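Have a look at the structure below before the remarks.
Given the structure is predicted, the values throughout are model-derived calculations rather than measurements. Only this structure's heavy atoms are used, side chains among them; waters, hydrogens and symmetry mates stay out.
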Amino acid sequence: LTFEPTTNNGVFAVWAATNTPPGPHFVRTFNGDGASAPRFLWVTQDAPAAEVEPNGEWSNPQALERLPATINGRLEKNGDVDSYAVRLEAGQTLVAWIEAYTLMSPLDPVLRLVDSRGIQVAWNHDDGRSLDPLLAWTAPAQGSYTVQVFAFAYPADSDIRFTGNARAVYRLHLTSGPVVRHTLPLGIRRGVRTPLQLRGWNLGAETNPVVEFDGGTVGPTADRVSFLPVAGVSLLDLQVGDGPEGMESEPNSKSAEANPIELPGARTGELGSAGDEDRYRFTATQGEGVLMEIQSAALGFPLDAWLRVEDLTGRELARNDDATGADPRLEWTVPEDGTYVAAVGNVLQRGGESAWYRLSMRRPAPALKATVADNTMVLEPGK
């Protein structure tokens, strides 16, 4: 990325080489007095559009001629709302999402979709991964629909109102094309090829198509990897393990029905109904350490999971609820040789088609962490 100053003060022309990776890049300016706060510069494959004011009313939106579209916008003042009109055919699914909070904008944004009469047909506040929203909706009839963007202040203050200011920038994405939300399983094994079922919207005539990921391209220390499953969609983060990656097999709510899981290994499961619990049996030796982790909330799923170790009679031996965010993590020492059960459930006793999780199990390895006392250091010439 090359920045070239123009004749206008503070304005630069930015050139991106053809091999510049798409996605966010950090930008800082600095001089002898120090450095600015970091800001994002987003490199894209397609040219984004700019918001055009006035577009505050659903009845007077900025019309978008085609999809997909990406709009760079700003909520300029308190109470500001931005509206964008799109044409949809009957049965066509619109997927819309915003990057604002994740761009360090002081926003907690909201997406709202209204029909030609101004009646709300869909809305979303948080997508589960962050404070940024994601909305997917299938049109029942052909027509014009309006996507509205507004936001509350972040961090929150005592005012209950829509916010806006010079720093309140956002990127709005609208598409009726393919969008992959996640894969099944939720992880891949290092060093081998893993078939992955795609879950999302507008993925073609085939229901939940399957692609293959080559784990031979993953480094020896990586615990996750980015993956572009379909051309034109966003990158996915896949969890990486050193053992088999499998899917749960129902029924497995009782110890006698527990699915086998290897050490190391991982299973992707779903708490499909209220009160559902899943169980996995494993064999370990006395004195051995076992590290068990759930990845769910961190992946954007609405699951507040608990994790516990049981013996074959169902007696609880160890338990954890929240370790990193809402996801549990349990490091346990095996008391004696035998077969044990790892049980997974929801603290809120809820379940559904989006309550996915990945249970990973491995033997803990020694780790090092380095710290420094100061966050700045002075380096003198020649030293």
Side-chain angles (χ1 to χ4, degrees), residues 19-26 43 102 129-130 180-199 210-231 233-248 259-269 280-301 305 307 309 318 320 323-334 340 342 344 356-372:
N19 63 344
T20 306
H25 296 259
F26 268 129
V43 177
T102 49
R129 292 179 170 93
S130 74
V180 179
R181 181 61 167 167
H182 65 87
T183 66
L184 294 178
L186 295 169
I188 60 99
R189 183 177 185 178
R190 195 187 329 269
V192 302
R193 304 184 77 89
T194 303
L196 299 171
Q197 184 185 98
L198 305 183
R199 292 293 183 96
V210 175
V211 298
E212 196 172 68
F213 184 89
D214 184 5
T217 63
V218 181
T221 61
D223 57 7
R224 64 180 184 176
V225 64
S226 293
F227 177 45
L228 187 66
V230 179
V233 307
S234 300
L235 286 169
L236 290 179
D237 272 345
L238 295 177
Q239 307 299 306
V240 177
D242 289 305
E245 293 277 341
M247 296 292 300
E248 71 159 325
N259 294 175
I261 189 171
E262 295 186 29
L263 269 173
R267 286 270 193 156
T268 293
Y280 304 90
R281 70 177 184 272
F282 63 97
T283 302
T285 57
Q286 182 179 9
E288 184 178 24
V290 180
L291 178 60
M292 312 175 194
E293 295 180 282
I294 293 286
Q295 290 104 24
S296 180
L299 303 179
F301 299 110
L307 174 63
V309 182
N320 183 259
T324 305
D327 289 335
R329 182 178 188 271
L330 186 60
E331 191 166 345
W332 178 67
T333 301
V334 181
Y340 298 90
V344 182
W356 292 102
Y357 65 87
R358 176 179 180 263
L359 167 65
S360 65
M361 302 183 65
R362 58 187 172 88
R363 296 171 179 85
L368 295 175
K369 182 178 180 180
T371 61
V372 292

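With sequence neighbours left out, the side-chain hydrogen bond (donor to acceptor under 3.5 Å, both in side chains) criterion links S226 to D237. For E212, the side-chain hydrogen bond (donor to acceptor under 3.5 Å, both in side chains) partners two or more places apart in sequence, or in a different chain, are R193. Listed by chain and number, the residues in a side chain to side chain contact (heavy atoms under 4.5 Å, CB included) with T283 are T339 (sequence neighbours excluded). The side-chain hydrogen bond (donor to acceptor under 3.5 Å, both in side chains) check on Q197 picks up R199, with sequence neighbours excluded. Under the rule for a side chain to side chain contact (heavy atoms under 4.5 Å, CB included), T221 has no partner lying at least two apart in sequence or in another chain. Partners of R329 according to the side chain to side chain contact (heavy atoms under 4.5 Å, CB included) rule, which considers only residues two or more places apart in sequence or in another chain, are L291, E293, A323, E331. Remark: R281 pairs with no residue by the salt bridge (Lys or Arg N to Asp or Glu O under 4.0 Å) rule, at least two apart or across chains. For the salt bridge (Lys or Arg N to Asp or Glu O under 4.0 Å) test, no residue two or more places apart in sequence or in another chain qualifies with E248. For the ring-ring contact (aromatic ring centres under 6.0 Å, His included) test, no residue two or more places apart in sequence or in another chain qualifies with F282. For R267, the salt bridge (Lys or Arg N to Asp or Glu O under 4.0 Å) test picks out no residue, with sequence neighbours left out. Partners of R190 by salt bridge (Lys or Arg N to Asp or Glu O under 4.0 Å), not counting sequence neighbours, listed by chain and number: D242. Qualifying side chain to side chain contact (heavy atoms under 4.5 Å, CB included) partners for T333, counting only residues two or more places apart in sequence or in other chains: none.
Y340 places none of its side-chain heavy atoms less than 4.5 Å from the side chain of V290. Within the 4.5 Å cutoff, the side chain of R358 has heavy atoms near those of the E245 side chain. For the pair T183/L198, a side-chain contact is recorded, criterion being any heavy-atom separation below 4.5 Å from C-beta on. Side-chain contact between L238 and L196: present, with at least one pair of heavy atoms (C-beta onward) separated by less than 4.5 Å. V309 is listed as a side-chain neighbour of M292, based on a closest heavy-atom distance under 4.5 Å. Residues L236 and P229 have side chains in contact (heavy-atom distance under 4.5 Å, counting atoms from C-beta outward).
Ring geometry for H182 against W356 counts as tilted: the plane angle lies between 30° and 60°, on a 0 to 90° scale.
A pairwise comparison of heavy atoms in S360 and A266 identifies CA-CB, 4.0 Å as the closest pair. Taking both residues in full, the closest heavy atoms of P185 and G246 are given as CB-O, 4.2 Å, listed atom of the first, atom of the second, then distance.
Taking a 6.0 Å sphere around CZ of R224, one finds it holds 12 or fewer heavy atoms contributed by other residues, nucleotides or ligands.
Of the possible polar contacts, none joining the D327 side chain to the Q295 backbone as a donor-acceptor pair under 3.5 Å is found. T268 places a side-chain N or O within 3.5 Å of a backbone atom of L186 that can act as its donor or acceptor partner.
Partner of Q239 under the side-chain contact (heavy atoms from CB on, under 4.5 Å) criterion, chosen from V225, D223, L299: L299.
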